[in-house]
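The structure appears below as structure tokens.
Because the structure is predicted, anything quoted here is derived from the model rather than measured.
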Amino acid sequence: FSFFLCILSLSLQSCKTVNNTYAIESDVKVKITIPPLADTGTLTIATGTCSYNVDSFLLASSNNAYGLRNLTIARVAALDLSMVNANTANNFANFENCRVYLYTNVDTQRTFTAWPSVPDSFASSLTNYGINNSLELYLRNTQKPYTSPIVFNYSIRAKLRRPLTDSMHCIIHFPANLLVGKTSH
């Protein structure tokens, strides 16, 4: 149904320490293409997956001090959905509302952010900074504590106000905070 190109990039932004717990900031970007859509109902406009070796990222970001076994929590700090090729006929004004769902292969509990009402005026991006680290991505649990690579899944659902007449190249961007700490052996 929808074509997507997925590029996942996690990069070390900073590392802060508090009581032997470190917050490693990461930056995740997924490139997708939304095809032309004539249906103005509520529909899934894009889905996909991206794999990433979180253990290797944590080890590289912490000079081999922390790996996936040390991960305590991963929180999404914000979420931005951008149209790279937005124009006057095809942009987020075509959307009445929009939801982005994120989850992983470790735990399929969906985490989502929503724009319940998108203004009917030109917009090339939708940003939700009100998340404030409240969306948690499950990267590890007691049944599969050290699963790697992590598969990030995403799904975008929207109700269109007007059809999209061209393919729209978009980027889902979510900075995340990975909290790690030393475990006792």
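You'll find the side chain of Ser125 stays beyond 4.5 Å of the side chain of Leu81, heavy atoms only. The shortest distance between side-chain heavy atoms of Asn70 and Leu58 does not fall below 4.5 Å. Residues Pro36 and Asp166 are not in side-chain contact: their nearest non-hydrogen atoms beyond the backbone lie 4.5 Å or more apart.
Counting only residues at least two apart or on different chains, the side chain to side chain donor-acceptor pair (under 3.5 Å) pairs with a member in residues 82-97 are Asp80-Ser82, Asn90-Thr165. Applying the ring pair (Phe, Tyr, Trp, His ring centres under 6.0 Å) test to every pair with at least one member in residues 75-97, sequence neighbours left out, gives these pairs: Phe92-Phe95. Legend: salt bridge (charged side-chain N to carboxylate O under 4.0 Å, His left out) pairs involving residues 97-106, not counting sequence neighbours: none detected.
The minimum heavy-atom distance linking Ala86 with Met168 is given by the pair CA-CE, 3.8 Å. In terms of heavy atoms, Thr42 sits closest to Lys159 at OG1-CB, 3.4 Å. Contact between Tyr66 and Val180 at its shortest, heavy atoms only, is CG-CG2, 3.6 Å.
Taken from CE in Met83 to OG in Ser124, the straight-line distance is 9.0 Å, to the nearest 0.5 Å. Rounding to the nearest 0.5 Å places CG of Leu126 at 9.5 Å from CG of Leu79. Atom-to-atom distance recorded for Tyr101:OH and Asn153:CG is 14.0 Å, nearest 0.5 angstrom. Here CD1 of Ile172 is found 7.0 Å from CG of Leu102. Values are rounded to the nearest 0.5 Å.
Its side chain within the 4.5 Å cluster rule, Val84 clusters with Ile171 among the Ile, Leu, Val, Met, Phe, Trp and Tyr residues.
Applying the side chain to side chain contact (heavy atoms under 4.5 Å, CB included) rule to Asp39 yields the partners Leu43; only residues at least two apart in sequence or on another chain are considered. The side-chain hydrogen bond (donor to acceptor under 3.5 Å, both in side chains) check on Arg157 picks up Thr44, with sequence neighbours excluded. Every residue was checked against the side-chain hydrogen bond (donor to acceptor under 3.5 Å, both in side chains) condition with Arg161, not counting sequence neighbours, and none meets it. Scanning for side chain to side chain contact (heavy atoms under 4.5 Å, CB included) contacts around Leu59 gives Asp55, Asn64, with sequence neighbours left out.
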